[in-house]
Amino acid sequence: MGDVTAVVFVIDNDPSMRAALEDLVGSVQLEVRLFASPQEFLASKPPDVPGCLVLDVRLPGMSGLTFQNELARMGVDLPVIFITRHGDIRMSVRAMKAGAFDFLTKPFRDQDVLDAIQAAIERDRERRRDAALVAELQERYATLTERERHIMRLVVIGRANKQIAAELALSEMTVKVHRGQVMRKMRARSLPELVRTADRLAGACSNVVGDLYQNRSASRPSADVPRSFTFPSVHQR
């Protein structure tokens, strides 16, 4: 299974529907895993590759909508495509509000299913790329000393070297050295790039307490500077 690049998981208690979806998805050379219930899916060991979940709304025991909420509670961020023969607007709105990728009503066109699956897999690929980038940025940030983190905070909210030096009771040359270390360790080639990196970290760590732009009266150095920014703990990964 080492060469698997994407997997479509299908949960449907109707054997004929599972077989039909297996044939359909297999026709575009995608790996398919079939399950008759959410419990079967949870008991499996899915490969760590991009994918999506094609999920029937009406299932014995745990419904598809309930299972969607359970996946969210477990932190399973897999795009969900609902399929149902008994759907209505209220049901589809509920599913989409809970984060479903798509909601298809049986009988559906084969191409509609394939288009939804391909788009869902691409979204999962993008999510994985973003997560890998954020993890790398957090690793870079973890290499900064406490002084460098403090200076980085001041730099991204627009403080000039002279202002930072006065605020921290340092020489301007010392601030320049630390600032250079920050740029090198964060691999930022410019101030806007450092600010975008900071914004990316802040967006990935929304539970961090504090808002530097509210707590400090700072001007923005450019249009690329975010209005608020907080840094993650080095242990938040």
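Quantities reported herein were computed from a predicted structural model and do not represent experimental measurements.
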- Query: How long is the span from the CG atom in Leu55 to the CD atom in Gln68, to the nearest 0.5 Å?
  - Reply: 7.5 Å
- Message: Between Arg129 and Glu136, does any side-chain N to carboxylate O distance fall below 4.0 Å?
- Response: no
- Here the pair of heavy atoms bringing Cys52 nearest to Ile81 is SG-CD1, 4.2 Å
- Task: Compare every heavy atom of Gly51 with every heavy atom of Pro79, then report the nearest pair and how far apart it is.
- Result: CD-O, 3.5 Å
- Query: What residue pairs, at least two apart or across chains, pass salt bridge (Lys or Arg N to Asp or Glu O under 4.0 Å) with a residue in residues 39-48?
  - Reply: Asp48-Arg128
- Could you tell me whether the side chain of Arg179 and the main chain of Val155 form a donor-acceptor pair under 3.5 Å? no
- Message: With a 4.5 Å cut-off on side-chain heavy atoms, are Pro46 and Val7 touching?
- Response: no
- Message: Under 4.5 Å between side-chain heavy atoms, counting indirect links through other Ile/Leu/Val/Met/Phe/Trp/Tyr residues: same cluster for Val156 and Leu154 or not?
- Response: yes
- Query: According to the interplanar angle, ranging from 0 to 90°, do the rings of Phe41 and Phe9 count as parallel (below 30°), tilted (30 to 60°) or perpendicular (above 60°)?
  - Reply: perpendicular
- Check whether any side-chain heavy atom of Leu114 lies under 4.5 Å from a side-chain heavy atom of Val28, and answer yes or no. yes
- Message: How close do Ile121 and Ala6 get, counting heavy atoms only, and between which atoms?
- Response: CG2-CB, 4.0 Å
- Message: Using modelled atom types and a 3.5 Å cut-off, is there a donor and acceptor pairing between side-chain atoms of Gln163 and backbone atoms of Arg159?
- Response: no
- Task: Take Arg147 and Leu170, measure what side-chain contact (heavy atoms from CB on, under 4.5 Å) needs, and give me the verdict at the end.
- Result: CA-CA 11 Å; Arg147 175 69 77 190; Leu170 299 172; 4.0 Å; yes
- Is Val195 reachable from Ile157 through a run of hydrophobic residues whose side-chain heavy atoms are each under 4.5 Å from the next? yes
- Ionic contact status for Glu122 with Arg125, cut-off 4.0 Å: yes
- Query: With hydrophobic residues grouped by side-chain heavy-atom distances under 4.5 Å, do Leu133 and Leu194 end up in a single group?
  - Reply: yes
- Item | Verify same cluster id: Val57, Val54 (apolar side-chain graph, 4.5 Å) | no
- Can you tell if the side chain of Val113 reaches within under 4.5 Å of the side chain of Ile83, non-hydrogen atoms only? no
- Query: What distance do Glu172 atom CD and Ile164 atom CD1 have between them, rounded to the nearest 0.5 Å?
  - Reply: 9.5 Å
- Which atom names give the shortest non-hydrogen contact between Ile11 and Leu59, and what distance separates them? CG2-CD1, 3.9 Å
- Message: Working note: Met17 + Val10, criterion side-chain contact (heavy atoms from CB on, under 4.5 Å); need CA distance, chi angles, decisive distance, verdict.
- Response: CA-CA 10 Å; Met17 179 56 66; Val10 175; over 6 Å; no
- Query: With a 4.5 Å limit on heavy-atom distance, are the side chains of Val8 and Leu21 in contact?
  - Reply: no
- Identify the heavy atoms of Lys185 and Thr143 that sit nearest to each other, and give their distance. NZ-O, 3.1 Å
- Query: Within the side chain of Arg149, is there an N or O that forms a donor-acceptor pair under 3.5 Å with the backbone of Leu144?
  - Reply: yes
- Query: Is the shortest side-chain N to carboxylate O distance from Asp12 to Lys106 below 4.0 Å?
  - Reply: yes
- Query: What's the spacing between Glu31 CD and Glu22 CD if we round to 0.5 Å?
  - Reply: 9.5 Å
- Close side-chain approach of Arg200 and Asp130, heavy atoms under 4.5 Å: yes
- Within a strict 4.5 Å, meaning less than it, do heavy atoms of the Ile151 and Leu168 side chains meet? yes
- Query: Between Thr197 and Tyr141, does a side-chain contact (heavy atoms from CB on, under 4.5 Å) hold up when you go through it step by step?
  - Reply: CA-CA 10 Å; Thr197 294; Tyr141 181 72; over 6 Å; no
- Under a 4.5 Å side-chain heavy-atom rule over Ile, Leu, Val, Met, Phe, Trp and Tyr, are Phe101 and Met91 clustered together? no
- What distance separates Thr66 OG1 from Leu71 CG, expressed to the nearest 0.5 Å? 11.0 Å
- Kindly indicate whether the side chain of Leu42, heavy atoms from C-beta on, has any atom under 4.5 Å from the side chain of Phe67. yes
- Note on the structure: All heavy atoms of Asp124 vs all of Leu78, minimum pair found to be OD2-CD1, 4.2 Å
- Output for pair (Arg58 CZ, Phe82 CZ), nearest 0.5 Å, gives 13.0 Å
- Item | Interatomic distance, Met62 atom CE to Glu70 atom CD [nearest 0.5 angstrom] | 5.5 Å
